Amino acid sequence: MADSKIIKSKYFFEEDFTEELAEVSANKYADWNKKELKVVGKPVSRVDGYDKVSGSAVFTFDVILPNMAHAKTLRCPHPHAKIKRINTKKAEKIPGVLGILTYENAPKISWYGKSFLFDPHLRYEGDEVAFVAAENERIAEQALKLIEVDYEILPFVTDAAEAMKKDAPKLYDDGNIRGGKPSVYERGDIDKGFEEASAVAEQTYKTQVEIHNPTEPHCSVVNWDGDYLTIWDSTQGVFSVRDRVADVLKLPASRVRVIKKYMGGAFGAKLEAGKYTVMAALLARKIGRPVRIALDRREMNLSVGNRPDSVQKLKGGATKDGRLTALYQYSYGAAGAHPAGAGCSWALRTMYLCPNVKTEEYTVYINAGRARPFRAPGHVQGFFALEALIDELAEKIGMDPLEFRIKNHTDRDQVFDAPYTSKLLLDAYRVAAEAIGWKNRPQPAGSDAGPLKRGIGMSSQIWWGGGGPPAYATLKLNRDGSVRIIAGSQDIGTGTYTILAQVASEVLEIPMEKVEVLLGDTAVAPYCGSSGGSTTAPSVSPAVRDAAEQMKAKLLSGAAAHLNVSESQLVYRNGVIHTKGKNKKSMTIREIARKMGERVLVTTGKREANPDGYAINSFGVQFAEVEVDTETGKVSVKKIVAAYDIGRVLNPKTLENQIHGGIIQGLGFALFEERIIDRNTGKVLTTNLHDYKLPTVKDTPQIDIRIVSKGDSKISNTGVKGVGEPAMIPTPAAIGNAVYNAIGKRIKSLPITPDKVLTALQS
Ligand code: MOS
């Protein structure tokens with residue numbers, strides 16, 4: 001029953017392959033597509049719902065330890081400067097100040113050739129200058145004001161196009177282009193592809209910098225117990241934080257414990273250990289007290305990540321009958337002041353059947369906060385441009401944009417030349433087009449009478465999110481007949497606690513209340529990957545099923561021993577094991593557990609290997625209906641229809657939450673959100689939630705969700721593909737295309753603000 005082996009596991013996490021050795025399950029279980037499921041796939045309410053709504057849930061932000069000190073960070077006020085002199089004497093003298101860390105007294109920690117903690121060469125407004133621990137935050141803030149710093153102010157550059165010029169101020173000695181050259185992808189023959197085209201569209205699209213701004217700010221509480229460091233962290237990856245902190249502090253990983261119970265959002269900004277966590281650990285050791293550091297909203301907007309901007313020059317060619325012959329992309333994006341990815345070419349490479357493709361992308365350093373992964377990195381930007389170009393090409397050849405997309409559908413991944421495990425995009429197109437009333441959209445574009453002009457637009461979507469091993473889950477039988485799942489994954493707000501409990505409840509046929517879930521603790525849980533890349537449910541749910549099926553087998557074996565019958569004479573039903581036929585003898589799980597005393601049963605489930613030779617992707621489409629006020633330029637999104645192939649839905653309620661969240665975040669990116677830097681001073685103007693506009697409930701459209709898939713049995717025993725990122729990918733593109741359909745003018749840069757709409761209308 002408990003078969004396993006060790007393999008080289010390779011799967012997509014965010015935009016890249018991960019490859020590592022993993023122990024995988026070799027157990028085969030009944031196909032859930034052929035069974036009537038009772039708990040999985042049902043709209044079960046969140047198991048942590050009461051804790052959340054009653055305010056009793058303890059987020060990292062709420063963690064309070066006895067004798068805890070509070071930290072604050074002094075950040076550089078200039079976009080580019082060098083520290084000539086720093087003097088902390090006055091600050092140290094304030095009663096209640098416990099310790100100050102600067103580049104002069106902090107250990108020199110190098111990370112990939114760059115300074116990990118402090119660097120006297122400050123490259124953006126918000127770069128770390130000093131870190132203070134005090135009795136409370138107010139005293140720490142006072143101390144920051146008394147730290148004297150002489151800055152040598154340097155020329156700065158805050159725009160990627162400017163930064164690419166030869167005479168631009170340099171952030172690093174080897175120049176502002178990361179790696180010194182573009183990253184290039186090519187297949188087929190791009191020139192030949194354009195020769196074959198009977199219509200060519202060429203256009204430049206731009207997207208802005210978006211800030212994650214999760215509800216819960218980045219925060220950590222750290223505590224030393226001798227040489228043993230415990231970190232409560234608001235993180236997407238407890239193991240990744242453990243390993244990074246252990247590495248930079250030169251501690252064995254076994255001496256670092258990272259705990260995260262509840263989290264108020266992350267969206268990719270919390271995938272790696274923060275500098276503030278390491279600084280807090282250093283000061284905590286020095287002062288002999290626990291230290292708490294929580295960033296404020298200004299710091300969140302300056303220094304813990306963003307979606308990089310993009311300028312995308314696209315060119316596409318198609319034949320008269322609607323076959324794509326060539327797609328070309330030249331793009332650049334700003335990584336900010338530290339290494340980060342700013343590419344956005346995967347949309348073009350993978351979405352449609354096209355033999356000749358070339359992309360050239362530049363990642364550029366500028367004097368601003370560093371980019372980080374943000375919900376479908378690259379794809380949200382890439383799809384906005386690609387899907388606009390596809391619509392323009394369709395118009396040029398006089399074809400319905402939906403029909404054009406269907407013509408260029410592919411059943412094979414063209415980058416790796418492999419078939420998909422499943423792809424139901426054509427079903428998604430059909431269902432969603434009907435739900436939005438695609439046939440009744442204004443034709444030609446802009447023909448609605450106005451002054452409120454209605455329009456409908458669409459965008460396809462592809463993402464990875466198949467997940468894979470390693471992912472493990474331990475299942476313990478408690479003496480009272482309940483079970484506990486222990487897994488090193490984390491619930492970042494998406495409902496992981498709930499879906500994992502559902503899987504165990506389904507297999508063991510016991511009520512949800514009898515399943516406890518413990519996540520996010522590196523000291524007690526077996527390894528799971530970070531909660532990112534839309535991989536959590538696809539990676540972890542099969543491990544839980546494996547653990548629960550093994551538990552079921554053990555329970556049968558226990559009952560057989562106690563009842564003096566062979567296992568083949570036993571039936572497992574609703575958490576009770578009984579003999580077949582008349583004169584039934586039976587045992588409940590609780591009775592077996594009690595018979596075993598404290599020697600309760602434990603199983604460890606493992607995610608099975610992904611199938612060889614396949615590409616695993618999720619697919620979907622969104623149609624947006626908008627209303628554009630041609631007098632004020634305001635765009636209102638009325639309705640979004642979202643149809644997806646994401647394998648099995650474990651829980652339609654949490655699925656709906658994820659899709660709603662993705663659509664609202666995509667709507668914010670399409671219409672409002674933008675980090676704005678004053679080009680004269682290099683300072684960020686949007687550092688709070690008044691100036692940085694997030695969508696609110698008033699902006700929320702009607703949302704209609706259609707799932708066209710069942711479990712993908714080729715992937716895993718639960719057949720789940722991820723949905724967290726796919727939910728957002730097509731929204732801005734669909735809204736952009738809908739605005740074009742409404743007014744007959746294309747807004748080629750996001751966000752689509754009233755001024756841009758009015759300017760376009762007057763052109
Ligand atoms: Mo990643 S951007 O956290 O899914």
Side-chain angles (χ1 to χ4, degrees), residues 11-18 207 209-216 218 233-241 244 260 263-274 300 304-310 333 335-336 340-344 346-347 369-383 461-468 471 489-496 499 519-520 528-540 616-618 620 644 646 654-655 657-659 661-666 668-669 673 720-732:
Y11 68 91
F12 258 93
F13 184 87
E14 299 294 15
E15 295 193 281
D16 238 323
F17 274 119
T18 71
T207 63
V209 169
E210 181 186 28
I211 305 287
H212 302 73
N213 269 317
T215 319
E216 183 188 29
H218 290 233
D233 197 25
S234 182
T235 179
Q236 293 173 252
V238 288
F239 281 95
S240 114
V241 170
R244 176 69 66 90
K260 187 217 71 85
M263 179 196 262
F267 312 121
K270 296 176 182 169
L271 278 168
E272 61 180 79
M300 298 285 293
V304 286
N306 55 68
R307 181 188 300 283
D309 60 9
S310 73
C344 51
W346 276 104
R370 195 195 97 181
R372 277 190 180 175
F374 191 150
R375 203 171 193 167
H379 272 53
V380 177
Q381 307 92 291
F383 270 89
Q461 171 270 324
I462 182 174
W463 182 252
W464 300 282
S489 186
Q490 39 279 306
D491 190 332
I492 61 173
T494 51
T496 312
I499 56 164
L519 302 175
C528 291
S530 297
S531 293
S534 307
T535 61
T536 305
S539 298
V540 186
I616 308 176
N617 292 79
S618 71
Y644 283 92
I646 38 91
T654 54
L655 174 101
N657 290 166
Q658 286 260 56
I659 296 183
I663 287 171
I664 294 165
Q665 204 158 30
F669 187 61
E673 297 183 48
V720 177
K721 303 192 254 189
V723 74
E725 287 161 307
M728 180 177 185
I729 291 168
T731 314

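In each ligand, atom 1 is the first atom listed, and ligand 1 is the first ligand listed. These numbers were taken from a predicted model, which means no experiment stands behind them.
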- Note on the structure: For G532, the atoms of ligand 1 under 4.0 Å from one of its heavy atoms are 1 (Mo), 3 (O), 4 (O)
- Task: Please round to the nearest 0.5 Å and tell me the distance separating atom CD of E14 and atom OG of S534.
- Result: 7.0 Å
- The protein heavy atom nearest to atom 3 (O) of ligand 1 is Q236 NE2, 2.8 Å
- Task: Any atoms of ligand 1 less than 4.0 Å from a non-hydrogen atom of E725? List them with their elements.
- Result: 1 (Mo), 2 (S), 4 (O)
- Would you say the side chain of L655 lies within less than 4.5 Å of the side chain of I646, judging by non-hydrogen atoms? yes
- Query: Under 4.0 Å from any heavy atom of E14, which atoms of ligand 1 are there?
  - Reply: 1 (Mo), 2 (S), 3 (O), 4 (O)
- Task: Would you mind checking if K260 and E216 are paired as a salt bridge, meaning a charged N to carboxylate O distance below 4.0 Å?
- Result: no
- Message: I need the atoms of ligand 1 closer than 4.0 Å to a non-hydrogen atom of P373, numbered in the order shown.
- Response: 2 (S)
- For R375, counting its heavy atoms only, list the atoms of ligand 1 lying under 4.0 Å from any of them. 2 (S)
- Donor-acceptor pair, R372 side chain versus A269 backbone, under 3.5 Å? yes
- Message: When you measure from the heavy atoms of G533 to every atom of ligand 1, does any distance fall below 4.0 Å?
- Response: yes
- Give the atoms of ligand 1, by number and element, whose distance to some non-hydrogen atom of G268 is under 4.0 Å. 2 (S), 3 (O)
- Are K270 and I492 side-chain neighbours, meaning at least one heavy-atom pair lies under 4.5 Å? no
- Message: Is any side-chain heavy atom of T494 closer than 4.5 Å to one of T536?
- Response: no
- Item | Side chain to side chain, W346 and I462, heavy atoms closer than 4.5 Å | no
- Sub-4.0 Å atoms of ligand 1 with respect to non-hydrogen atoms of F374: 2 (S)
